[in-house]
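Structure first, commentary second.
Each chain gets a letter, A, B and so on, in the order its sequence line appears, and its residues count up from 1. This structure is a prediction, so every number in the text was calculated from the model and none was measured.
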Amino acid sequence: MLDARIPSGPIEQAWDKCKFEMKLVNPANRRKYTVIVVGSGLAGAAAAASLGQQGYRVECFSFHDTPRRAHSIAAQGGINAAKNYRNDGDSVMRLFYDTVKGGDFRSREANVYRLAQLSVNIIDQCVAQGVPFAREYGGLLDTRSFGGVQVSRTFYARGQTGQQLLLGAYQALEEQISAGTVRMHPRSEMLDLVLVDGKARGIVTRNLVTGAIDCHAGDVVVLATGGYSNVFYLSTNAKASNCTAIWRAHRRGALFANPCFTQIHPTCIPLTSEHQSKLTLMSESLRNDGRVWVPKQKGDKRQPNDIPEQERDYYLERRYPSFGNLVPRDVASRNAKEVCDEGRGVGPSGQGVYLDFRDAIQRLGIDQVREKYGNLFDMYEEITGENAYRVPMRIYPALHYTMGGLWVDYRLMSTIEGLFVGGEANFSDHGANRLGASALMQGLADGYFVLPYTVPDYLASSTPSKLDTSHPAFKQAREEIAGRITNLLTINGKRSAASFHRQLGRLLWDNCGMARSEASLNHALEEVRKLRWEFWQDLRVVGTGEELNQSLEVAGRVADFFELAELICIDALGRTESCGCHFRIESQTPDGEAKRDDEHFSYCAAWEWAGDGQPPILHKEPLAFEHVHLTQRSYK
Amino acid sequence: MDIKLKIWRQSNTASPGQFKDYQVTGITPDMSFLEMLDVLNEDLTARGEAPVAFEHDCREGICGSCGFLVNGLAHGGRHGTTVCQLSMRFFKDGDSLALEPWRAKAFPVLRDLIVDRSAFDRIIQAGGFISANTGSAPEANSILVPKASAETAFDAAACIGCGACVAACPNASAMLFTAAKLTHLNSLPQGQPQRDQRTLNMVAAMSRELFGSCTNHGECEAVCPKQIPIEFIGNMNRDLVRATFRRRREAIVVAGTQRA
């Protein structure tokens, strides 16, 4: 059933071959096709702009007031590209190799190779758009190194790379909007996918200002709606990031792949208050120059600067001499948890480790450190009231990114014909762990260089449709959505959706977070089901559906998070191996590293929705590793 | 801490609004300003009253969603921060705070503290881009960008489009916003081919959207969470003069000299 449509032949030529085999649409006919793009972050805005430039009629949807708000904007550190400008041995092959290995051998080789190839085009494209990347004095592009790799291939714009790349894509999109090729629908949230004869043919949206439920028909639907870290309530994601679009598509038949591959980022500001509404990431580029440590003594309450050198445990440098502080995210996170569990954590809660710039300031001077990381230090001070030039930062891991997502083939089409998925919303490129500075790369590769080829290829195989929203399928979907909204509004219980969300998140973090076991997962499953039942009995949403109602928006998203949470636990329970970010305590090496079980789990787990209350059905896409040999990852 | 709040409540653009008084209790200094509003909204929900609508998303000062006036100051008046980055440790027990939406003709109120800032998008549509269709870009390092130009471009591109500059300006001018985008793109070698047209078009779009003009109050720079300097408005004005003089004039046609 799962045909990934990977081109045959050598991997180096796969994408070229695929592009050549694709069908083309005559420029004069392109405006007859309507492309629906949901989401206008890096992947969505880039795809919408690029398809608009080609001449397709694009309808682009976002729940934000403007595309420039998408959460891609918050990415800090940088974007990888195999340019080898540093002459330090980088190449497409090496970026490919690093990404497959970093993903702990649970990604699809052909996709990753294409990603590495396209990385170089992305930098060219973004520079041409005017993205203000960091420069050397000679005017050439500067790069830095990042976790999990030994070359310097990360391009950056201070600590706001995501913002600058998103603004580039946003500006390209706005240009197309003014040219009339793209019509933007801001403050419009997708609430359902509409299928006609088994093909994705439209969506149902809610206008977040007026509450109007609208239907939109098209020839193809592209989802670029981001990840689902917020199922854990506390994460580094923006508050509105949610799974509704992909979950609704899943319920309509799109398989959901590897939902349990959720990434915990090692360098976030620790939790301080029970009312905390989100966690703030400090870019892991900080690990280039910051050194991670905890006191050797348990419960050492001295100020960090009072703890002498010999009583500090630089545990990452000690355990991983060759990668040191630059080990991949999953390894860094798990080690932080371990030292905190041993009672050596720092800060008021004991849930934190130090990230110390003392040596970097001595070596480089305070000015150079400020130039590289100034905005991050400022941000840290605003939140914690501490000056990290003087005392070490405190950091702790937090939910950050989800490698899982809707299953897509090599051409980024889901198991629903005509439904394409790009960016974090799909599952394809990062396996069980994403390397730093690879999310921006993947979002833009999908948006600028993959979807603008594969979507037209799909369109070319059919004539432009005459379908409009008077088709019964739209009417039915619209009625279902209106009914669901009425349900949420009329429960009239006692608790807000946010309070349920917080409780659900805590449950998942404790039982399906950095370490998972059969017992904890079974417990989580049972509790999630109970809580979900309670949600539908005791929810209170004040107001009506015919107005701007933020509580109603949240309630709908939380309702979908409940269903996804269950699937995450089921997936984590079934995968009894550890791999990347998925750490089953039953499966570890003698020195506590994640131990894969390639014999039984070298596959992508793609789940089929079987109906409310029915267990989901597992489909497996076997993964073959022909170019990167399966090894136990070692960063020692 | 206990905080007294006076909040602008308005159910939609068409209906009139008014201030209403609220009291929030049990606020701790480690909470953020928006978390304080979360607590208020939980209370309101429990009482069956409509929660206060306010825009927010990343809650780390980069997405530009949030923004309202706190005691008349955009984003609360703390230097270089958005309202989502405000911590309650900057306030005292018993403080009275008045919260109201951005006030500008170009930013109609949608509900409570939420305004419609789509006028900013239309200014960008008028020319806030460098035309570079996907796939047509030359090799990245073939375009040399002097470090100083890249730095200036970055300082300007840091704008998050929150609208505080407009809200703070007595003229409700969008010149800091527009000047930031123009300085970003006009400072770069890649931005030169469209420099004049971009400037003319974006300046025209500002007036079309009913934003006022700059009269050098400097309030915009004072409240800008990204500390965009007012000098950029000077850059914009210079570019506008340059573009005006360099504008291609229509060819003069002398009667009787046209070819048949």
Side-chain angles (χ1 to χ4, degrees), chain A residues 49-50 53 64-66 68-69 71 73-74 83 85 123-125 127-130 132-141 157-158 160 163-164 167 171-172 174-175 177-178 186 209 238-240 272-273 275-278 280 379 382-383 385 448 452 496 498-499 540 542-543 547-548 550-551, chain B residues 11-12 28 30-31 34-35 38-39 42 45 48-51 53 55-65 81 85 87 89 110-111 114 116-118 120-121 124-126 128-134 137-141 143-147 150 153-154 157-158 161 184-185 188 190-191:
Chain A
S50 303
Q53 288 160 8
H64 285 113
D65 63 326
T66 154
R68 66 183 295 154
R69 310 275 185 235
H71 189 57
I73 205 158
K83 285 284 199 185
Y85 285 161
I123 301 301
D124 297 345
Q125 182 62 32
V127 166
Q129 287 171 344
F133 282 117
R135 298 275 166 175
E136 311 261 14
Y137 282 101
L140 297 167
L141 287 154
R158 290 192 203 154
Q160 285 127 276
Q163 178 195 28
Q164 294 310 319
L167 291 180
Q171 287 161 203
E174 293 296 329
E175 183 183 12
I177 293 169
S178 73
V209 179
K239 292 293 289 174
T272 53
S273 128
H275 290 286
Q276 197 149 337
S277 55
K278 76 153 307 196
T280 303
M379 187 163 99
E382 274 304 316
I383 293 172
Y448 283 130
S496 70
S499 78
R540 171 180 285 185
V542 180
E547 59 183 338
L548 196 162
Q550 291 176 313
S551 315
Chain B
S11 45
N12 54 52
T28 56
D30 52 10
M31 286 165 66
L34 298 189
E35 282 160 8
D38 291 343
V39 170
E42 280 287 317
T45 304
E49 289 180 45
E55 205 134 38
H56 63 98
D57 198 21
C58 77
R59 294 202 175 192
E60 51 190 61
I62 194 75
C63 75
S65 297
T81 54
Q85 293 174 293
S87 162
R89 72 171 178 276
L110 295 176
R111 189 185 177 103
I114 300 181
D116 178 356
R117 290 168 286 191
S118 54
F120 273 4
D121 288 330
I124 299 295
Q125 282 160 27
F129 46 78
I130 290 172
S131 298
N133 279 3
T134 307
E139 151 56 42
N141 258 346
I143 307 167
L144 292 179
V145 180
K147 194 171 166 74
F154 188 94
H184 164 205
L185 300 175
L188 293 169
Q190 305 92 300

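Arg111(B) and Ala53(B) get closest at one heavy-atom pair: CD-CB, 3.8 Å.
Looking only at side-chain heavy atoms (C-beta outward), Arg135(A) and Leu140(A) stay at 4.5 Å or farther from each other. At a threshold of 4.5 Å between non-hydrogen side-chain atoms, the residues Tyr85(A) and Asn141(B) count as touching.
Of the atoms belonging to Gln276(A), heavy atoms from both backbone and side chain fall under 4.5 Å from chain B. Both the backbone and the side chain of Glu175(A) come within contact range of chain B, each with at least one heavy atom under 4.5 Å from a heavy atom of that chain. Looking at Phe133(A), the atoms closer than 4.5 Å to chain B (heavy atoms on both sides) all sit in the backbone: N, CA, C or O. With a threshold of 4.5 angstrom between heavy atoms, Leu34(B) does not approach chain A through any atom at all. Contacts between Thr81(B) and chain A at a heavy-atom distance below 4.5 Å involve the side chain alone, from C-beta outward. Heavy atoms closer than 4.5 Å to chain A are found in both the backbone and the side chain of Asp30(B). Residue contact with chain B, scored on non-hydrogen atoms closer than 4.5 Å, involves the side chain of Gln550(A) exclusively. Contacts of Ser131(B) with chain A are made by both backbone and side-chain atoms, with heavy-atom separations under 4.5 Å. With a 4.5 angstrom heavy-atom cutoff, Gln163(A) touches chain B only via side-chain atoms. Contact of Ser551(A) with chain B is made through the side chain alone, with heavy-atom distances under 4.5 Å. Interface residue Gln125(B): backbone and side-chain heavy atoms are both found under 4.5 Å from chain A. If you measure heavy-atom distances from Leu548(A) to chain B, the contacts under 4.5 Å come from both the backbone and the side chain. Leu185(B) touches chain A through its side chain: at least one heavy atom from C-beta onward sits under 4.5 Å away, while N, CA, C and O do not.
Comparing Leu167(A), Val209(A), Thr66(A) by how many heavy-atom pairs each has under 4.5 Å with chain B, the most go to Thr66(A). Chain A forms more heavy-atom pairs under 4.5 Å with one residue of Leu144(B), Ile143(B), Thr45(B), Asp121(B) than with any other, namely Asp121(B). Most heavy-atom pairs under 4.5 Å with chain B, from the set His275(A), Glu547(A), Gln171(A): that is Gln171(A). For the options Ala153(B), Gly128(B), Pro51(B), heavy-atom pairs under 4.5 Å to chain A are most numerous at Gly128(B). Of the listed residues Gly64(B), Gly191(B), Ala150(B), the one with more heavy-atom pairs under 4.5 angstrom with chain A than any other is Gly64(B). Of the residues considered (Ser496(A), Pro452(A), Ala240(A), Ser277(A)), Ser277(A) shows the highest number of contacts with chain B, using heavy-atom pairs under 4.5 Å. Ranked by non-hydrogen atom pairs under 4.5 Å with chain A, the options Ala50(B), Ser87(B), Ala157(B) are led by Ala157(B). With chain A as partner, the option from His184(B), Arg89(B), Gln190(B), His56(B) having the largest number of non-hydrogen pairs under 4.5 angstrom is Arg89(B). The choice from Glu139(B), Glu49(B), Gln85(B) that makes the most heavy-atom pairs within less than 4.5 Å of chain A is Glu139(B). Contact count versus chain B (heavy atoms, under 4.5 Å) is highest, among Gln129(A), Lys83(A), Met379(A), Arg540(A), for Arg540(A).
Using a 4.0 Å cut-off between charged nitrogen and carboxylate oxygen, Arg68(A) and Glu174(A) do not count as a salt-bridge pair. Lys239(A) and Asp38(B) are not joined by a salt bridge, as no carboxylate oxygen comes within less than 4.0 angstrom of a charged side-chain nitrogen. The residues Lys278(A) and Glu35(B) are annotated as not salt-bridged, no charged nitrogen and carboxylate oxygen being separated by less than 4.0 angstrom.
Looking at Gln125(A), its side chain does come within 3.5 Å of a backbone N or O of Ala132(B) through a donor-acceptor pair. Remark: the backbone N or O of Ala134(A) is not paired with any side-chain donor or acceptor of Arg158(A) at under 3.5 angstrom. Checked by atom type and distance alone, the side chain of Arg69(A) pairs as donor or acceptor with a backbone atom of Cys63(B) at under 3.5 Å. In terms of modelled atom types and a separation under 3.5 Å, the side chain of Asp65(A) and the main chain of Asp116(B) share no donor-acceptor contact.
Of the N and O atoms on the side chains of Glu42(B) and Ser499(A), not one donor lies less than 3.5 Å from an acceptor on the other residue. Counting only N and O atoms by type, the side chains of Thr134(B) and Gln53(A) include a donor and acceptor under 3.5 Å apart.
Glu55(B) contributes atom CD, which lies 8.5 Å from atom NE2 of His64(A) (distance to the nearest 0.5 angstrom). Atom CD1 of Ile383(A) is separated from atom OG1 of Thr280(A) by 3.5 Å, given to the nearest 0.5 angstrom.
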